[in-house]
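Written below as structure tokens is the structure these notes are about.
Protein chains get the first letters and strands the later ones, always in sequence-line order, with residue 1 at the start of each.
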Amino acid sequence: MTALIALPVLLPILGAAITVIGSRSPTLQRVVGVVVLLAVSAIAVVLLVESDARGPLVAELGGWAAPVGISLVADRLSALLLLVSALVTLAVLVYAIDQRIADYGRGTVSTTFHPMYLMLSAGVSLAYLTGDLFTLFVAFEIMLTASYVLITRRTSAAKIRAGMTYVTVSLLSSLLFLTAIGLVYAATGTVNLADLAGRIELLPPGLVTVLGLMLLVVFGIKAAMVPLHFWLPDSYPNAPGPVAALFAGLLTKVGFYAMLRTQTLLFHREEPWTLLLVLSVATMLVGALGALAQNDVNRLLSFLLVSHIGFMLFGLAVFDAAGVSGAALYAAHHITVLATLFLVSGLITRRTGTVALDRMGGLARTAPGLAVLFAIPALTLAGVPPTAGFVAKLALLQAGVAAGPWTTAVAGVVIIASLLTLYALARVWVRVFWGEPKPALPDDDPDDEVVVGTAERTPVPMYAATAGLVAVSLAIAVFAGPLSAVTGRAGVDLLDREPYRTAVLGVGP
Amino acid sequence: MTIFDEWDAPREPWMLPGACRRGRTRRLLLEVAARTLFPTMLVFSLYLLLVGHYSPGGGFAAGLVAGLAFVLRHIAGGSVGFGMPVPVRPPVVIGSGLAIAVLTALVPLLVGSPALSSAKLAVDIPLLGPVSAQTSLFLDIGVYLLIVGVVVDLLRSLGAGIERDMREAEEWLP
Amino acid sequence: MLALVLAHLVVAAALPMVSARSRRAAFGVAAILPALTLAWALANAGPALGPGLTSTTAWAPTLGLELSFRLDALALAMIVLVSGIGAVILVYAMGYFGPTSEDATRSAALLLTFAGVMLGLVLADDLLTLYVFWELTSVTSFLLVGQSGEKRENRRAAVQALLVTVLGGLAMLLGFVLLGEAAGTYRISEIVAAPPTGPMVTAALPLILLGAFTKSAQLPFHPWLPAAMVAPTPVSAYLHAASMVKAGVYLVARLSPGFSDLAVWWVPVVVAGLGTMLIGGWRALHQTDLKRVLAFGTVSQLGFLMVLFGAGGRIAALGGIAMLLAHGLFKAPLFMIVGAVEHAAGSRDLRKLSGLRTSMPGLAVAAAVAAASMAGLPPLLGFVGKETAFEAFLGEGGVRGWAIALGLLAGSVLTAAYSARFLWGTFAAKPGVAPTPVHAPGPLTTAPIWLSAAAGLALGIAYPLVDAPAEAYAGPGEYHLALWHGLGLPLLFSAIAIGGGLTVHVLRTRVDRLAKHSPFDAQHGYEGAIAGLERVAVVVTGRVQVGSLPAYLATIIVVVVVLIGPATLFGGAWPVGQPLYHSIIQVPLGLAVAVAALAVVKARRRFTAVLLVGVIGYGVAGLFIVGGAPDLALAQFLVETLSLVAFVFVLRRLPAHFTEQPSPRRAQWFRAGLAAVGGTVVAGVAVVLSAARVAPSSTSADFIALAPDGAGADNVIAAILVDFRALDTVGEIGVLFVAAAGVASLVLATRYDRKGLSASVESGQGSPRHEEDLVG
Amino acid sequence: MTGPTTINLAMAVTVGVLYTAGFYLLLQRSLMRVLIGVVVLGHGTNLLLQIAGGPPGRAPIVGTGTAETITDPLPQALALTAVVITFALTTYLLALGYRSFVLVGHDEVQDDVEDRRIATQKMPSASLDDDQDHTDEDHTDEAATRQDPS
């Protein structure tokens with residue numbers, strides 16, 4: 001069983017190597033990509049089932065027990081997020097492959113897209129699975145560097161600025177992460193998370209706080225927590241549709257996952273975390289208000305993404321089992337729904353030729369299927385029942401209400417942010433799907449990767465991949481019972497910390 | 001002060017392969033040096049690769065030394081002498097290096113050991129006698145290949161690629 | 001019961017296929033399920049009026065989320081409206097939507113969907129189940145009001161309805177969670193049986209009422225309801241008169257038995273209810289669009305129902321059930337009549353309609369019956385309900401009782417007045433207006449109207465049929481619904497209401513003049529709120545999201561400084577006896593690195609800067625050697641050399657100087673200050689933290705011990721890199737792999753030419769060739 | 001490795017200066033200076049990582065000393081990995097700067113046009129209340145596209 005744990009990391013890397021070596025054959029590249037991601041999804045299912053039944057699964061790489069070697073740990077939280085991420089990655093890959101076939105022809109080869117895509121997937125898997133702070137850094141670098149390449153690939157002059165913002169901010173955050181690792185090592189002499197959990201308690205409480213804040217900032221940048229979020233709405237919207245979908249779905253959640261993992265494992269608290277509560281309020285409101293101000297549908301979605309990161313931060317800030325499990329459930333649903341919405345936005349843009357809301361209209365009549373594909377994830381994001389978003393939001397509200405008056409007040413902000421989200425999405429609906437149908441606009445930036453105004457050249461698999469993701473998010477709603485039970489147990493374990501440490505270190509501290 | 005103002009703002013591009021400041025005469029000395037140093041550095045890099053387990057060195061350092069040998073060759077010979085000794089695209093070298101490293105990691109799974117386990121391999125090679133090596137040497141070889149590939153790829157893009165752009169922009173004629 | 005609800009949704013999803021063959025048939029098919037539902041409910045009336053019929057399906061038990069249903073007296077009464085009137089209106093829609101109507105396909109499916117979710121709402125015995133269906137009705141209503149979305153007024157009305165009802169709905173959700181957490185259960189029957197108390201409940205109830213008020217168009221949230229009248233008439237009749245708008249009233253009715261004795265519950269309900277009844281009635285008197293007359297009438301009646309259900313007391317509850325049914329049975333036919341008139345006469349403006357009494361006598365009679373019930377004339381159900389309402393509060397007496405009773409009386413006067421206005425406006429022959437030409441409506445249109453109007457009359461006469469569920473809801477007692485309770489104050493009040501109403505109608509021209517001075521307009525309030533929200537959004541976003549990369553990076557550094565700096569100052573201590581250096585060579589090397597670093601900052605030329613960076617790099621490598629890290633130093637030397645080469649490669653094409661427009665001096669000082677503080681904080685934190693270390697490295701000794709035999713390497717660093725932590729190495733070469741591919745794609749594929757034409761590109765605009773050309 | 005791990009003052013100052021210079025350069029508008037900032041900052045972090053292991057000692061090669069005199073090897077290994085990763089990122093950013101120069105003729109980081117446009121608005125363009133199309137002047141208003149962090 002533990003042999004499987006390394007595969008979600010190593011298989012995509014191997015796949016990336018193969019797609020480079022065989023870059024002359026586009027068919028090989030596509031097959032390798034899909035097969036690898038299918039395998040990762042299947043492994044993730046096994047890991048989820050097994051870790052739920054038996055507690056955290058640990059692979060000691062090279063046979064070296066922690067803290068000498070690097071341990072990969074699949075517990076409920078990491079396995080669940082791994083599974084959802086793998087499914088999203090797979091669907092987006094299918095979408096991207098067919099978009100490329102439609103736009104450039106079946107025989108077009110690319111030396112970069114497939115390898116980068118698989119490397120990104122490997123980085124994401126490693127980030128979820130690693131039990132080592134430095135390996136987490138390496139995972140982030142794999143993931144982020146691949147994302148840099150994907151976002152700047154074939155950019156036009158108009159969009160290169162977005163890439164620069166993204167890359168520069170991410171680089172600063174990476175260097176701060178490295179700084180944090182240096183500081184952690186200086187103070188404790190270890191980078192193994194489970195080991196660290198014990199050693200950090202030997203420090204004076206004030207210095208523990210320093211380390212906690214440092215890691216909060218580092219992962220806060222990745223997770224787009226206000227006021228560290230600015231880069232996101234300026235960069236994601238300029239990425240090609242599938243890439244933006246992948247980023248929006250995965251990257252911020254990996255950042256949040258790292259925050260969730262480190263804060264619960266290393267910096268135990270008994271009370272709700274006031275600072276993070278405040279930041280979560282700011283994140284929810286700044287994101288939602290930002291969405292209302294936008295005219296570009298992708299920027300609007302990006303701001304909503306930020307806003308809903310605040311929901312997850314709220315769950316973490318409550319800092320009890322209910323809150324943490326709510327945050328985990330929210331993250332799982334959020335990965336699918338944001339990716340879906342960006343894919344739909346890509347389909348919309350292909351049809352209308354623009355991302356500007358005030359220049360489209362009438363798609364409900366001309367593209368009713370697209371209207372359904374938009375409506376379901378939109379309702380999910382707004383948390384309208386009976387969607388997955390509602391279930392996850394309910395979990396957060398319950399946690400907030402149970403934890404005391406202050407967290408109840410923040411739960412009120414969750415409510416307000418939900419309303420603003422709904423308003424923003426209703427406006428998209430009104431602007432895009434209602435109103436008079438308008439003719440497709442010509443491609444205003446023909447240099448870039450995004451081909452628009454080509455509805456007739458949109459192949460069915462692109463819709464199918466999007467519909468598949470919609471189905472995943474509906475499945476999360478239908479199977480909310482078992483899923484929330486899993487996240488519930490995950491939350492208890494995260495707060496308890498002992499199962500993780502015992503599994504990694506062999507003995508309880 | 002004028003000297004300080006001028007010295008680092010040359011009127012001609014730097015480090016153009018095979019070009020000297022005035023005219024098209026190759027820099028003989030540099031070229032000879034490169035031709036002599038190139039194989040020496042490659043051998044030295046192999047040495048670093050093999051001793052890495054016992055003293056400073058290892059796949060990284062070895063790969064970088066080999067890479068610098070290619071850099072030297074590029075500067076001396078330019079696109080004319082540029083390239084791998086064998087006709088293979090740099091991305092393939094990189095990919096192969098990565099593949100070797102990952103396979104080294106995966107193979108132990110087939111025999112039931114944890115991923116990335118290493119073991120001591122003892123092989124009796126005729127003439128040389130028994131040779132023993134740690135299997136992690138394969139990882140080092142992968143790293144070595146990959147780094148060489150990366151450096152050559154950088155020469156291809158940042159080196160030859162930019163020179164091509166300059167040629168097309170008519171900023172520089174070889 | 002879940003199956004019944006789901007059946008609605010499944011059939012609705014399949015309806016478009018029926019529509020494709022015949023649009024009329026789709027409505028007919030859609031009507032079957034609601035009719036069956038009504039039959040099912042009536043067949044189960046016995047258990048419903050007794051212990052109740054329950055069913056529960058688990059969904060997410062960890063969150064207390066289950067789909068729990070219960071058929072009881074209140075639900076039964078609501079099903080009469082939801083499914084009974086629903087079936088009738090769907091039949092009516094067969095005639096209303098023409099066989100070629102483009103809206104029919106969507107409307108049929110959505111109306112049936114709505115019938116399903118509304119059924120789920122009234123059957124729900126769980127707060128969360130109720131919320132699920134509650135929001136679904138909002139969404140369905142949004143789509144039904146918006147229709148094809150091609151008309152601006154439809155869009156605006158749909159969004160307004162959605163936002164207002166969801167605002168309340170979300171507040172209600174928080175209220176439900178508070179209530180559920182306080183009670184330890186979300187099961188409504190259990191909560192009402194043993195109501196929890198405490199501050200959480202006090203906070204929960206107003207939130208829940210907010211949901212009820214917005215849904216049932218109570219003051220000041222009511223404007224969405226008249227605005228929603230842009231929807232097709234069957235939609236208005238069904239959603240915005242008979243069923244959906246009753247959801248708020250229904251919710252109050254559900255929870256009142258548990259909470260009506262709390263002031264936090266009944267005071268807002270009574271105040272909002274009475275206010276709504278009066279405002280709605282008053283506004284109805286000034287409308288010229290018949291649908292809006294009815295819409296404001298609905299607002300008014302919803303206020304009335306709120307008071308009856310929210311004020312508490314058995315008799316009020318009896319009256320509530322009677323009025324609930326009565327309202328559905330008179331308001332639905334009235335709406336359908338407006339639809340029929342509009343189709344027949346081409347207008348629903350009461351200033352343009354004239355003489356329809358003679359041209360459409362059948363409809364006029366039906367309208368008279370329904371309007372009489374609305375006005376509270378015997379022997380109709382509306383009279384029965386109103387009598388009971390007066391009795392409830394007059395019987396209660398005291399300030400509260402009399403105040404409410406008089407308020408209801410005033411509201412009833414207005415009700416009678418607008419009932420008269422409706423009849424007059426629709427059917428009367430008006431002086432100076434030529435009789436409107438009409439063509440007669442078909443039986444599919446008139447039969448549903450007659451059926452529902454007659455039901456109001458029949459149930460008025462056969463009042464025990466209503467009394468049974470009413471008593472089952474309100475509890476046993478002496479007072480019962482009846483047509484004749486003898487002479488008394490309630491009868492007097494009813495008489496005053498009718499008389500007063502007719503008087504007001506007669507004096508309508510004067511009343512109209514008064515209406516010009518309406519001081520308060522909730523619609524403006526809504527629009528102002530939305531505009532304000534958008535303004536805030538733009539202002540906040542414009543200020544926060546400045547779009548400048550240096551600003552973003554500065555923010556990150558500021559956050560680091562602000563969070564880490566003070567925490568370190570308060571949480572740690574500067575080590576005593578910090579050594580100046582560990583090895584004397586560190587001082588000159590460190591100095592060289594520092595000087596080079598400061599010089600880089602001042603460098604104006606790219607090449608200088610790069611050389612200085614090289615100095616730093618080699619200096620750091622030297623520090624690594626001093627620090628006992630030869631492997632690291634070797635790698636650093638080589639990497640630094642390679643970096644220099646790469647830099648120079650790129651610098652060949654860039655201008656010698658940094659091309660940036662000079663920034664203002666103040667900005668530069670700010671940056672310098674921030675950078676200095678940032679650097680100081682990092683260095684300071686590092687010193688403090690390193691001094692706080694209490695235990696040696698957990699792994700150092702292990703590595704040294706294990707390396708020779710375990711990893712077969714004397715060089716511990718090599719052992720770590722390729723064995724102990726080989727995964728890091730794999731990841732690291734992965735990063736190199738990615739970066740090399742990225743560099744190649746950026747430099748070589750500078751411009752992708754989609755059509756595969758390698759047209760030449762201007763200098764400085766990149767290369768026309770694909771990366772693939774170079775690869776191959 | 002024994003004794004206090006306390007970082008000595010000389011190294012602390014060196015690290016502090018490297019961070020200061022790196023931060024300052026990061027805040028500039030020229031991508032090349034930002035890049036140099038990243039490199040300088042990278043040197044700072046790598047140095048920090050290495051000195052986090054403790055005071056200098058013997059090279060971590062078995063046989064050169066006892067476990068007490070040998071420096072902690074782990075930070076060195078981590079720093080080595082970090083050095084290579086920083087190098088990879090540097091070359092990538094270098095290529096990005098080059099491409100920016102090729103495409104737009106300079107390597108200066110511009111402000112986001114859409115952000116600046118929103119900052120000059122009074123109401124959202126896609127507000128529900130006005131249906132008429134916007135004129136192009138909103139979209140190309142770049143008058144205020146520069147702003148400093150101060």
Side-chain angles (χ1 to χ4, degrees), chain C residues 542 545 547-551 553-554 575 579-583 586-587 590 594 597 601 609 616 620 627-630 632 635 639 646 650 658-660 667 670-671 675-676 678-679 682-683 687 690-691 693 697 700-701 703-704 708 714-717 720 728 732 735-736 739 742-743 746-747 766, chain D residues 5-10 12 14-21 23-24 26-27 29-30 36 39 43 47 55-57 59-62 67 71-73 76-77 79-81 83-85 87-88 91-92 94-95 98-99 102 106 108-109 111-112 115-116 118-119 121 123-124 127 147-150:
Chain C
Q545 190 77 18
S548 151
L549 177 59
L553 296 173
L580 200 59
Y581 50 81
H582 283 101
S583 159
Q586 282 178 329
V587 177
V601 167
I616 298 173
V620 169
L632 181 55
V639 162
V650 170
F658 289 114
T659 50
E660 64 183 339
F670 170 79
R671 291 169 188 171
V682 171
V687 170
S690 73
R693 167 98 75 94
S697 156
S700 176
F703 282 137
I704 295 165
D714 289 343
N715 183 347
V716 183
I717 301 296
I720 293 175
D728 281 349
E732 163 195 357
V735 175
L736 269 176
V743 171
L746 279 173
V747 177
Chain D
T5 54
T6 309
I7 294 168
N8 66 52
L9 193 61
T14 311
V15 167
V17 171
L18 284 175
Y19 271 87
T20 302
F23 283 152
Y24 180 81
L26 271 180
L27 298 177
R29 279 192 174 273
S30 157
I36 289 170
V39 175
H43 286 316
L47 187 59
I61 295 171
V62 177
T71 52
D72 185 356
Q76 297 182 18
L80 208 159
T81 307
V83 164
V84 178
I85 288 180
F87 165 71
T91 51
Y92 173 78
L94 202 49
Y98 173 73
R99 178 147 166 77
V102 168
H106 58 82
E108 204 169 324
V109 185
D111 280 349
D112 192 283
D115 282 338
R116 299 314 306 156
I118 285 168
Q121 280 181 328
M123 295 297 272
S127 149
Q147 189 168 358
D148 285 304
S150 56

Chain C shares the most heavy-atom pairs under 4.5 Å, among D/Ala21, D/Ala59, D/Pro60, D/Ala12, with D/Pro60

Select, from D/Leu26, D/Ile85, D/Val39, D/Ile118, the one with the greatest count of heavy-atom pairs under 4.5 Å involving chain C.
D/Ile85

Quick check on C/Val601 against chain D: is it the side chain, the backbone, both or neither that has a heavy atom closer than 4.5 Å?
both

Of all the heavy-atom pairs spanning D/Thr71 and D/Pro55, show the shortest one and how long it is.
CG2-O, 3.9 Å

Using modelled atom types only, decide if a donor and an acceptor are shared between the side chain of C/Ser690 and the backbone of D/Ile7 within a distance under 3.5 Å.
yes

Based on non-hydrogen pairs under 4.5 Å, which of C/Pro630, C/Ser583, C/Gly678, C/Gly628 is most in contact with chain D?
C/Gly628

When D/Leu18, D/Leu94, D/Ile36 are compared by non-hydrogen pairs under 4.5 Å with chain C, the top option
D/Leu94

Considering all heavy atoms, the nearest C/His582-D/Asn8 contact
ND1-ND2, 2.8 Å

Between C/Pro708, C/Gly679, C/Ala597, C/Gly542, which shows the greatest number of heavy-atom pairs under 4.5 Å with chain D?
C/Gly679

Taking the side chain as C-beta and beyond, is there a heavy-atom pair between C/Val747 and D/Tyr98 under 4.5 Å?
yes

How about C/Leu736 and D/Val84: do any of their side-chain heavy atoms sit closer than 4.5 Å?
yes

Tell me, out of D/Ala79, D/Gly16, D/Pro73, who's got the most heavy-atom pairs with chain C below 4.5 Å.
D/Pro73

Report yes if some heavy atom in the side chain of D/Phe87 is under 4.5 Å from a heavy atom in the side chain of D/Thr91; otherwise report no.
yes

Pair count under 4.5 Å, heavy atoms only, with chain C: among D/Ala77, D/Pro56, D/Gly57, highest is D/Pro56

With chain D, which of C/Val587, C/Ile616, C/Val682 has the greatest number of heavy-atom pairs at distances under 4.5 Å?
C/Val682

Counting heavy-atom pairs under 4.5 Å with chain D, which one of C/Ala635, C/Ala691, C/Pro575 comes out on top?
C/Ala691

Check against side-chain contact (heavy atoms from CB on, under 4.5 Å), C/Ser548 and D/Arg29
CA-CA 9 Å; C/Ser548 151; D/Arg29 279 192 174 273; 3.5 Å; yes

Contact winner vs chain D - C/Gly627, C/Ala646, C/Ala739, heavy-atom pairs under 4.5 Å
C/Gly627

Flag the pair D/Tyr92 / C/Leu746 as yes when at least one side-chain heavy-atom distance between them is below 4.5 Å, and no otherwise.
yes

